[in-house]
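Each residue takes its place number in the sequence, starting with 1. The analysis underlying the following values was restricted to heavy atoms, covering all of them including side chains, and did not include hydrogens, waters or symmetry mates. Here the structure is a predicted model, which is why all the values come from computation and not from measurement.
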Amino acid sequence: MNSYFADLHIHIGRDMYNKPVKITGAKSLTLTNILQESSRNKGIDLVGVIDCHAPNVQQEIKELISEGKARELEDGGIRFEEVTLLMGSEIEIYDENCKGPIHVLCFFPNLENISLFSEWLTTKMKNITLSSQRYYGTARELQYKVKELEGIFIPAHVFTPFKSLYGKGVNQSLTEVFDPDLIDGIELGLSSDTYMADHIKELHSYTFVTNSDAHSLPKIAREYQEIIMENATFKEFHWALNEVNGRKIKQNYGMDPRLGKYHMTVCNNCFTELNPDSTICPNCESKKIIKGVSDRIQELSNVEESNRERPPYLYQVPLEYLPKLGPKTFKKLLDRFGTEMNVIHYASFEDLLEVVPESIAQSIISMREGKLHVKAGGGGKYGTVSNE
């Protein structure tokens, strides 16, 4: 068995013809750039690009293969240099059983199957060239189609206040919308962690994944996981989600939930922190209240702890979050250690001192050990970190 780093929620900003895919995604966030950044700079072994339903993205994959730069793997996935691409799609569900829109991630083993999925989506979606589009059909119908095409189905960032399972999608239970037996895993999102999510009993049977939801190249791997598998392939990842034959998630690496944009309940106008039951802001009298993830989980909580053994959830932040670590210093670190994963996980304090000032070296070690101080975020603003 081997250990692999994986980030399974990355958007595409532009396709190979410079047409937008994820409207809010950076123009530099092309498929080829994602694969190169992940392989050469991030040190990520498995990436899930969740806009591969778009025909032009599939065309770019085919061209990479025809040019000899990529190849399809027998056990699923596309190998490019040192990284494996999992072809996925993020879809917005809002059927008659939903209280609000829900985003889900669907992954497929090969080009043939995701092409068939795209053909089917054209009958259920107004614009298949764009990301995270509204799907016109039931959630269960979507689950059945994904499974028919040998795919993986994962509800996305399930606690964020907008467009998520528990944020707006259901009152209490995922069974209001989904067939629970056709869910392969649960994506936690940036404002929650394993310990928070395990207060909800119906989630105990699922493996948790932690992903970046990257809208730009630097955001890749701001959250990720380490997976024990034989190889970085679709089949092995599917087995890891279901803990088959020793495959499993070894560790989740995520930001402290307090760094998430929606951790606290706040006024969306002036960002005053509020009680979860507030209907009006006492500071500015706005009625636009965003319920924080921590408060929403407390509402849903029905058990103290999980009945299954979870992998460790280690708090980390991307290097760009660290105080005084600018682009030039970041480049020095990559030139010396090769990839961001090497800097975060393996570079010793003494080796770091050869490249960066002591204060930055200490920040990296403190981050690795979970000792950075955190100021909580909320209402669409990220939290911040410091050494003091």
Side-chain angles (χ1 to χ4, degrees), residues 8-9 11 22-24 50-51 53 88-107 117-118 120-128 130-149 151-192 196-197 199-206 208-209 211 213 260-262 265 268 276 279 287-302 380:
L8 305 162
H9 190 149
H11 284 283
K22 183 69 174 179
I23 300 296
T24 56
I50 47 78
D51 296 324
H53 62 276
S89 175
E90 183 175 42
I91 294 174
E92 183 172 305
I93 299 168
Y94 198 2
D95 67 21
E96 61 182 11
N97 299 309
C98 299
K99 306 303 178 184
I102 300 171
H103 281 189
V104 298
L105 306 177
C106 311
F107 296 99
F117 184 65
S118 294
W120 179 77
L121 276 183
T122 58
T123 68
K124 304 285 185 179
M125 191 175 286
K126 291 182 178 179
N127 192 343
I128 198 170
L130 295 178
S131 172
S132 311
Q133 294 297 288
R134 177 70 58 86
Y135 151 83
Y136 294 92
T138 68
R140 285 179 170 83
E141 182 185 8
L142 176 61
Q143 287 181 284
Y144 300 150
K145 175 54 71 171
V146 170
K147 291 305 172 183
E148 176 188 323
L149 294 172
I152 291 170
F153 187 90
I154 300 175
H157 45 70
V158 295
F159 297 113
T160 55
F162 310 105
K163 299 183 178 181
S164 78
L165 174 61
Y166 294 111
K168 293 285 186 181
V170 299
N171 284 325
Q172 292 290 325
S173 173
L174 58 83
T175 58
E176 297 168 29
V177 175
F178 295 122
D179 181 337
D181 294 329
L182 300 182
I183 293 174
D184 294 289
I186 294 290
E187 184 185 67
L188 295 179
L190 299 181
S191 293
S192 63
M196 296 168 69
H199 285 291
I200 301 171
K201 187 175 182 180
E202 68 178 358
L203 296 183
H204 291 180
S205 58
Y206 302 112
F208 293 154
V209 293
N211 301 312
D213 196 356
K261 290 197 293 185
Y262 304 111
T265 296
N268 197 32
T279 57
K287 294 183 179 180
K288 296 181 179 180
I289 310 300
I290 300 179
K291 182 167 289 185
V293 168
S294 60
D295 292 322
R296 176 58 172 150
I297 290 176
Q298 285 186 356
E299 286 182 354
L300 297 167
S301 177
N302 54 15

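- For the side-chain contact (heavy atoms from CB on, under 4.5 Å) with Glu187, the qualifying choice from Val158, Asp213, Leu165, Leu105 is Leu105, the only one to do so.
- For Lys168, there are no salt bridge (charged side-chain N to carboxylate O under 4.0 Å, His left out) partners two or more places apart in sequence or in a different chain.
- Atom CG of residue Asp179 and atom OG1 of residue Thr138 lie 10.5 Å apart, to the nearest 0.5 angstrom.
- With sequence neighbours excluded, no residue forms a ring-ring contact (aromatic ring centres under 6.0 Å, His included) with Tyr94.
- When all heavy atoms of His11 and Ser132 are compared, the closest pair comes out as CE1-OG, 3.6 Å.
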When you look at Gln133 and Ile128, which way does the side-chain contact (heavy atoms from CB on, under 4.5 Å) test go after all the steps? CA-CA 7 Å; Gln133 294 297 288; Ile128 198 170; over 6 Å; no
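- Evaluation of the ring-ring contact (aromatic ring centres under 6.0 Å, His included) rule for His103 yields His157 as partners, not counting sequence neighbours.
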In sequence, state the C-alpha distance, the side-chain angles, and the governing distance for Met196 and Val293, and then conclude on side-chain contact (heavy atoms from CB on, under 4.5 Å). CA-CA 9 Å; Met196 296 168 69; Val293 168; 4.2 Å; yes
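- To the nearest 0.5 Å, the span separating CG on Leu142 from OH on Tyr136 amounts to 14.5 Å.
- Residues satisfying the ring-ring contact (aromatic ring centres under 6.0 Å, His included) criterion with Phe107, sequence neighbours excluded, are absent altogether.
- Note: Cys98 SG to Lys163 NZ = 13.0 Å, rounded to the nearest 0.5 Å.
- With rounding to the nearest 0.5 Å, the separation of CH2 in Trp120 from OH in Tyr135 is 3.5 Å.
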For the pair Lys124 and Lys145, evaluate side-chain contact (heavy atoms from CB on, under 4.5 Å) and give the outcome as yes or no after the intermediate values. CA-CA 12 Å; Lys124 304 285 185 179; Lys145 175 54 71 171; over 6 Å; no
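- Between Phe159 and Ser192, the closest heavy-atom pair is CD1-OG, 3.4 Å.
- Using a 4.5 Å cut-off on side-chain heavy atoms (C-beta onward), Val146 and Leu182 make no contact.
- In this structure, the salt bridge (charged side-chain N to carboxylate O under 4.0 Å, His left out) partners of Arg134, at least two apart in sequence or on a different chain, are Glu92.
- A donor-acceptor pair under 3.5 Å links the side-chain atoms of Asn302 to the main chain of Lys201, judged by distance alone.
- Across Ser89 and Leu121, no two heavy atoms sit closer than the pair OG-CD1, 4.4 Å.
- Between the side chains of Glu202 and Thr175, not a single donor N or O lies within less than 3.5 Å of an accepting N or O.
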Going through the checks in order, is the side-chain contact (heavy atoms from CB on, under 4.5 Å) test met by Phe178 and Val170? CA-CA 10 Å; Phe178 295 122; Val170 299; over 6 Å; no
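- Looking at Asp184, its side chain never comes within 3.5 Å of a backbone N or O of Ile154 through a donor-acceptor pair.
- We find the NZ-CD1 distance between Lys287 and Ile289 to be 10.5 Å, quoted to the nearest 0.5 Å.
- For the pair Lys99/Val177, no side-chain contact is recorded, criterion being any heavy-atom separation below 4.5 Å from C-beta on.
- Leu300 has its side chain within reach of Gln172: a pair of non-hydrogen atoms, C-beta onward, lies under 4.5 Å apart.
- Here the closest heavy-atom approach between residue Asn97 and residue Asp95 is recorded as N-OD1, 2.8 Å.
- In this structure the side chain of Ile23 reaches within 4.5 angstrom of the side chain of Leu130, judged on heavy atoms.
- Taking the charged nitrogens against the carboxylate oxygens, Lys291 and Glu299 do have a contact shorter than 4.0 Å, which makes a salt bridge.
- Of all heavy-atom pairs spanning Ile50 and Leu8, the tightest one is CG2-O, 3.8 Å.
- A donor-acceptor pair is defined here as one N or O able to donate and one able to accept, closer than 3.5 Å; such a pair exists between the side chain of Glu176 and the backbone of Asn171.
- Across all their heavy atoms, Pro155 and Gly185 have their closest contact at CD-O, 3.3 Å.
- Applying the side-chain contact (heavy atoms from CB on, under 4.5 Å) test between Tyr166 and each of Ile200, Thr160, Ile102 identifies Ile200 as the sole match.
- With sequence neighbours left out, the ring-ring contact (aromatic ring centres under 6.0 Å, His included) criterion links Phe208 to no other residue.
- His199 NE2 to Ser301 OG: the interatomic distance, rounded to the nearest 0.5 Å, is 5.5 Å.
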